[in-house]
Amino acid sequence: MERTFIMIKPDGVQRGLVGDVIRRFEVKGFTLVGLKLLAVSRELAEQHYDVHRDKPFFGGLVEFITSSPVVAMVWQGDGVVASARKLIGATNPLSAEPGTIRGDFGVTIGRNLIHGSDAVETAQREIALWFQEGELAAWEPAIHGWLYE
Ligand code: DAT
Ligand code: MG
């Protein structure tokens with residue numbers, strides 16, 4: 001089944017929003033298959049944001065992500081990659097709709113609380129970058145039949 005990589009950034013952890021964010025994915029019906037809190041190395045941050053290496057905000061982004069611990073997660077479910085992006089909302093929190101995580105909790109693009117993979121292939125790359133295979137648990141919630149026809 002489809003999986004995506006979700007990271008609660010340092011601002012989300014510092015502001016005590018870890019539980020709120022996890023709750024939104026749980027109640028939507030997705031399954032948590034990997035979870036850890038970690039201090040991010042500069043090397044990991046640069047690899048994660050490699051696609052933005054030439055952007056003017058790259059240096060600040062790496063500084064921010066390495067400034068305080070993050071919560072890294074893998075969530076599973078049908079269509080989870082695109083759905084997670086909807087739950088998260090637009091990159092700029094001022095443009096993000098109310099009801100989305102960024103829309104409800106954020107005000108500025110450089111403190112937008114959370115990362116979510118932007119495509120299935122990106123999710124595969126990011127999951128492999130952040131998690132060892134043994135850190136992910138393949139399990140099926142007992143309520144599976146009440147979530148999927
Ligand atoms: P997203 O996180 O919605 O996938 P992105 O991949 O375009 O957005 O950018 C990665 C992160 O970089 C984003 O979450 C916040 C930061 N960022 C993007 N554009 C920025 C900008 N114009 N100024 C400052 N930070 C920016
Ligand atoms: Mg992105």
Side-chain angles (χ1 to χ4, degrees), residues 1-13 17-93 95-97 100-103 105-106 109-149:
M1 204 183 260
E2 191 171 305
R3 289 178 171 181
T4 195
F5 174 70
I6 300 294
M7 170 183 43
I8 305 174
K9 297 178 182 181
D11 51 337
V13 177
L17 295 172
V18 172
D20 291 86
V21 169
I22 289 177
R23 191 71 190 136
R24 291 185 180 216
F25 286 89
E26 283 183 328
V27 295
K28 174 68 176 169
F30 294 130
T31 303
L32 183 61
V33 296
L35 171 71
K36 60 184 174 185
L37 178 139
L38 73 160
V40 182
S41 68
R42 172 165 288 272
E43 185 186 7
L44 176 58
E46 290 183 351
Q47 283 179 5
H48 175 74
Y49 281 124
D50 189 57
V51 67
H52 296 305
R53 201 172 278 271
D54 298 328
K55 307 268 174 60
F57 58 81
F58 180 73
L61 186 56
V62 169
E63 284 299 316
F64 170 53
I65 290 299
T66 57
S67 66
S68 182
V70 306
V71 170
M73 299 180 277
V74 177
W75 287 88
Q76 178 174 293
D78 277 4
V80 68
V81 172
S83 181
R85 295 279 294 189
K86 286 192 173 180
L87 292 174
I88 288 169
T91 303
N92 185 339
S95 305
E97 295 294 331
T100 66
I101 292 164
R102 287 168 173 167
F105 299 131
I109 195 165
R111 298 288 184 269
N112 65 2
L113 297 155
I114 182 166
H115 166 87
S117 307
D118 62 10
V120 172
E121 304 73 47
T122 317
Q124 287 163 357
R125 182 185 92 82
E126 292 175 350
I127 290 167
L129 182 63
W130 286 82
F131 284 90
Q132 311 269 339
E133 190 56 46
E135 293 178 306
L136 302 176
W139 67 290
E140 186 178 290
I143 59 160
H144 192 266
W146 299 103
L147 286 164
Y148 292 97
E149 195 176 359

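Nothing fancy with the numbering, it's 1 onward along the sequence.
Remark: Asp50 engages Arg53 in a salt bridge, criterion side-chain N to carboxylate O under 4.0 Å.
Phe30 is not listed as a side-chain neighbour of Thr4, based on a closest heavy-atom distance of 4.5 Å or more. Side-chain contact check for Glu26 versus Leu32: every heavy-atom pair is 4.5 Å or farther apart. In this structure, the side chains of Ile65 and Met7 come closer than 4.5 Å at one or more pairs of heavy atoms. Contact annotation: the side chain of Val70 approaches that of Pro10 to within less than 4.5 Å [non-hydrogen atoms, C-beta and beyond].
The two residues Ala96 and Gly103 have their closest heavy-atom pair at CB-N, 3.4 Å. When all heavy atoms of Trp130 and Lys36 are compared, the pair lying nearest together is O-NZ, 2.6 Å. The shortest non-hydrogen separation linking Gln132 to Glu135 is N-OE1, 2.8 Å. The shortest heavy-atom contact between Val71 and Leu37 is CG2-CD1, 4.0 Å. The two atoms that bring Gly34 and Leu136 nearest to each other are CA-CD2, 3.9 Å, heavy atoms only. The minimum heavy-atom distance linking Ala45 with Thr66 is given by the pair CB-CG2, 3.7 Å.
Interatomic distance, Glu46 CD to Leu61 CG, rounded to the nearest 0.5 Å: 10.5 Å. With rounding to the nearest 0.5 Å, the separation of CD in Gln47 from OG in Ser41 is 7.5 Å. Rounded to the nearest 0.5 Å, atoms CD (Gln76) and CD1 (Ile127) are 9.0 Å apart. In this structure, Phe57 CZ and Tyr49 OH are separated by 9.0 Å, a value rounded to the nearest 0.5 Å.
Judged purely by atom type and a 3.5 angstrom limit, Lys28 has no side-chain atom pairing as donor or acceptor with the backbone of Ala84. A donor-acceptor pair under 3.5 Å is formed between the side chain of Tyr148 and the backbone N or O of Asp78. Distance alone, capped at 3.5 Å, places no donor-acceptor pair between the Ser83 side chain and the Val80 backbone. Listed for the Glu2 side chain is a donor-acceptor partner under 3.5 Å among the backbone atoms of Val81.
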If you look only at distance, which donor and acceptor atoms sit under 3.5 Å apart when one is on a side chain in residues 109-117 and the other is two or more places apart or in another chain?
from: Asn112; atom 1: OD1; to: Lys9; atom 2: NZ; distance (Å): 2.7
from: Asn112; atom 1: ND2; to: Thr91; atom 2: O; distance (Å): 3.0
from: His115; atom 1: NE2; to: Glu126; atom 2: OE1; distance (Å): 3.0
from: His115; atom 1: NE2; to: Glu126; atom 2: OE2; distance (Å): 3.3
from: Ser117; atom 1: OG; to: Phe5; atom 2: N; distance (Å): 3.2
from: Ser117; atom 1: OG; to: Phe5; atom 2: O; distance (Å): 3.3
from: Ser117; atom 1: OG; to: Glu126; atom 2: OE1; distance (Å): 2.6

Practice prompt. Starting from the C-alpha separation in whole Å, work towards a yes-or-no answer on side-chain contact (heavy atoms from CB on, under 4.5 Å) for Ile22 and Met73.
Written response: CA-CA 9 Å; Ile22 289 177; Met73 299 180 277; 3.8 Å; yes
Practice task
Please step through side-chain contact (heavy atoms from CB on, under 4.5 Å) for the pair Arg24 and Ile101, ending with a clear verdict.
Solution key: CA-CA 8 Å; Arg24 291 185 180 216; Ile101 292 164; 3.6 Å; yes
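Every residue two or more places apart in sequence or in another chain was checked for a side chain to side chain donor-acceptor pair (under 3.5 Å) with His144, and none qualifies. The salt bridge (charged side-chain N to carboxylate O under 4.0 Å, His left out) search around Lys55 returns none, not counting sequence neighbours.
Here Phe25 and Trp75 bring their ring centres to under 6.0 angstrom of each other.
Counting heavy-atom neighbours within 6.0 Å of Lys86 NZ, excluding the residue itself, gives a total of 12 or less.
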